[in-house]
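Comments concern the structure below.
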There are 2 protein chains.
Amino acid sequence: MFRKVLIAEDHEIANISIQKTLQDFGIQEAKYVYYCDHALTWIKKAQRDGEPYDLLITDLIFEDDNTPQQITSGIELVQAVKQVQPDIKTIVFSAESRSRVIDDLFSNNQIDGYVRKARRDAQYLNEALKTVYANKIYKSPDSADGALVKNSHEFTTFDIHIISLLAQGVPQKNIPYYLQQKNIKPSGLSSVEKRLNLMRDVLDFSKNEQLVAYCKDIGLL
Amino acid sequence: MFRKVLIAEDHEIANISIQKTLQDFGIQEAKYVYYCDHALTWIKKAQRDGEPYDLLITDLIFEDDNTPQQITSGIELVQAVKQVQPDIKTIVFSAESRSRVIDDLFSNNQIDGYVRKARRDAQYLNEALKTVYANKIYKSPDSADGALVKNSHEFTTFDIHIISLLAQGVPQKNIPYYLQQKNIKPSGLSSVEKRLNLMRDVLDFSKNEQLVAYCKDIGLL
DNA sequence: TTTTCATTTACGGGAACCCGTAAAGAAGCA
DNA sequence: TGCTTCTTTACGGGTTCCCGTAAATGAAAA
């Protein structure tokens, strides 16, 4: 089993439980930090001392508490750590449930495991440790996509920009101007209208207010 | 200190840590359940046996895992439990950060403590236990904000109905019809328009989309 | 280059929305 | 009852939005 493990998790309650889970595995050398910057510092230090960590367990979102930090999210932490020590194993432990976000972690950021904070998370974390130690990829079953797929619409960054501007009170007819400012590719008013029309159609909405409400609900805004 | 405590929390990891916190307090009789229905059952059973619980610690949101449940949220659980045993103390332990929602818990649902799942949640839970045991109200400092108090508007139920209908896609001109159905007093289109105009004016908004987004943010919808 | 196809933009009629003003209604008081 | 005051509703114009169609642009194939 893993010898040295580093845990980056700002919620004290979650941190405590991860500790306990590791103890049950007989892992003695575990370090627990509450900030991403501290995590990177410990990784570097261990690397220098010739006693590198085998595994990093990290959350995705770290709440800002006005302590200035260089690294502010789990994704950035993984990327920074991989630069220092490319062979380290990483497990992300987060409440994120959007399949696109989770899949991005595996494809772009080369993580080894994902456990969603949900009903049987302790059990799944346990399985993740075993699986990742065996050099395999682990994804907790409740984060395996396909669950939320009813008549959902895959929002592009273009879509999100439009809805975001609407939610900020920009009149529809002025949206082209804002899109040009950001060099976003289609910027014509008709393109905006057509895209809004398509989104409303797919989601069976009739008004833009519904789009804003929907995006707020699924955490897109 | 409390003798018998019941914990309703679906996340296994969080549940484990609450257990540990209670153990550190020397509380021996603690029962841990993962569903609201089970919680109510145990409360009733203990009541019948003449050994009632002193304290209920519950989450707000319980994830649906296709196990059919009567009670599906922490608020409903508190209300149901209070009917069975009005004198029980209740602490809510949740990630909810919207002050409006938290304040509602205290005013309408008579809870004794709120601890937000955040950085120092274990420490705050500790303080909550002591404070509530001393018959006082506890609210973890990171949920006590009041930071959102800019030029805020006191929403009436009339306001909320209007915005809710907008967020559901009802055309503005049809809102009078829906208001009449619910016997809401001013139902004229002009009244609706005037009220929307006032809300936008107070909050310095120009579009209804902003109102919907704002209400979602502060937990009004 | 020309042709073809897809994407983007321009335009116009009709509906919904914004907003100011004025009429109608409801409640309180002599 | 008659008067005042406040709330609610009705109306009309100017604007924005919705949506279908057509023109313009651009990219890839012939």
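In what follows, chains are A, B, ... by sequence order, proteins preceding strands, each numbered from 1. Heavy atoms only: backbone and side chains are in, while hydrogens, waters and symmetry mates are out.
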(request) Tell me which of S191(B) and K207(A) sits closer to the 5' end of DNA chain D, going by the nucleotide each one is nearest to. (result) S191(B)
(message) Base, sugar-phosphate or nothing for R200(A)? Non-hydrogen atoms, less than 4.0 Å.
(response) sugar-phosphate
(request) Just jot down the side chain to side chain contact (heavy atoms under 4.5 Å, CB included) partners of K130(A), sequence neighbours excluded, or say none. (result) F25(A), N126(A)
(request) Mind checking the CD1-CD spacing from I88(A) to Q47(A)? Nearest 0.5 Å is all I need. (result) 8.5 Å
(request) Output yes when K216(A) and D217(B) qualify as a salt bridge under the 4.0 Å nitrogen-oxygen rule, no when they do not. (result) yes
(message) Restricting to side-chain hydrogen bond (donor to acceptor under 3.5 Å, both in side chains), what partner residues turn up for D159(A), sequence neighbours left out?
(response) H153(A), T156(A), R195(A)
Which side-chain N or O atoms in residues 57-72 of chain A pair as donor and acceptor under 3.5 Å with protein atoms at least two apart or in another chain?
{"residue": "D59(A)", "atom": "OD2", "partner": "K117(A)", "partner atom": "NZ", "Å": "3.3"}
{"residue": "E63(A)", "atom": "OE1", "partner": "R116(B)", "partner atom": "NH2", "Å": "2.5"}
{"residue": "E63(A)", "atom": "OE2", "partner": "R116(B)", "partner atom": "NH1", "Å": "3.4"}
{"residue": "E63(A)", "atom": "OE2", "partner": "R116(B)", "partner atom": "NH2", "Å": "2.5"}
{"residue": "D64(A)", "atom": "OD1", "partner": "N66(A)", "partner atom": "N", "Å": "2.9"}
{"residue": "D65(A)", "atom": "OD1", "partner": "T67(A)", "partner atom": "N", "Å": "3.2"}
{"residue": "D65(A)", "atom": "OD1", "partner": "T67(A)", "partner atom": "OG1", "Å": "3.0"}
{"residue": "D65(A)", "atom": "OD2", "partner": "Y35(A)", "partner atom": "OH", "Å": "2.6"}
{"residue": "D65(A)", "atom": "OD2", "partner": "T67(A)", "partner atom": "OG1", "Å": "3.3"}
{"residue": "T72(A)", "atom": "OG1", "partner": "E76(A)", "partner atom": "OE2", "Å": "3.3"}

(message) Taking 4.0 Å as the cut-off, does a side-chain nitrogen or oxygen of S187(A) come that near to OP1 or OP2 on dT9(C)?
(response) yes
Polar atom pairs (N or O), protein with nucleotides 10-14 of chain D, under 3.5 Å:
{"residue": "dA10(D)", "atom": "N7", "partner": "S190(B)", "partner atom": "OG", "Å": "2.7"}
{"residue": "dA10(D)", "atom": "N6", "partner": "S190(B)", "partner atom": "OG", "Å": "3.3"}

(message) Check D103(A) with K139(A), please: is the shortest side-chain N to carboxylate O separation under 4.0 Å?
(response) yes
(message) Counting only heavy atoms and a strict 4.0 angstrom limit, can you tell me which residues of residues 155-185 of chain B come near DNA chain C?
(response) P171(B), Q172(B), K173(B)
(request) With sequence neighbours left out, write down each residue that passes side-chain hydrogen bond (donor to acceptor under 3.5 Å, both in side chains) with T21(A), or none if nothing qualifies. (result) none
(request) Go along nucleotides 23-28 of chain D 5' to 3' and tag each nucleotide: B for a protein heavy atom under 4.0 Å from its base, S when only backbone or sugar atoms are that close, - otherwise. (result) ------
(request) For the side chain of N197(A), starting at C-beta, report the closest nucleotide among dT8(C), dC19(C), dC19(D). (result) dC19(D)
(request) Any side-chain hydrogen bond (donor to acceptor under 3.5 Å, both in side chains) involving residues 170-188 of chain B? Give me the pairs, sequence neighbours left out, ordered by first then second residue. (result) Y177(B)-Q181(B)
(request) Could you state the atom-to-atom distance from CZ of R195(B) to P of dT7(D) in whole Å? (result) 11 Å
(request) Please check if any side-chain donor atom of N208(A) sits under 3.5 Å from a side-chain acceptor atom of K207(B), or the reverse. (result) no
(message) Closest-nucleotide mapping onto DNA chain D: is K194(B) or K194(A) further toward the 5' terminus? I mean the 5' end.
(response) K194(B)
(message) When you measure from the side chain of S140(A) to the backbone of V115(A), do you find a donor-acceptor pair of N or O atoms at a distance under 3.5 Å?
(response) no
(request) Could you tell me which residues satisfy ring pair (Phe, Tyr, Trp, His ring centres under 6.0 Å) with Y32(A), sequence neighbours excluded, listed by chain and number? (result) none
(request) Return the set of residues passing ring pair (Phe, Tyr, Trp, His ring centres under 6.0 Å) with Y138(A) (not counting sequence neighbours), or none when no residue passes. (result) none
(request) For Y34(A), check ring pair (Phe, Tyr, Trp, His ring centres under 6.0 Å) against everything at least two apart and list the hits. (result) none
For nucleotides 4-6 of chain C, list the nitrogen or oxygen atoms of the protein found under 3.5 Å from its nitrogen or oxygen atoms, one pair per line.
none

(request) Whole angstrom is fine here: how far is it from CG in N208(A) over to C1' in dC17(D)? (result) 9 Å
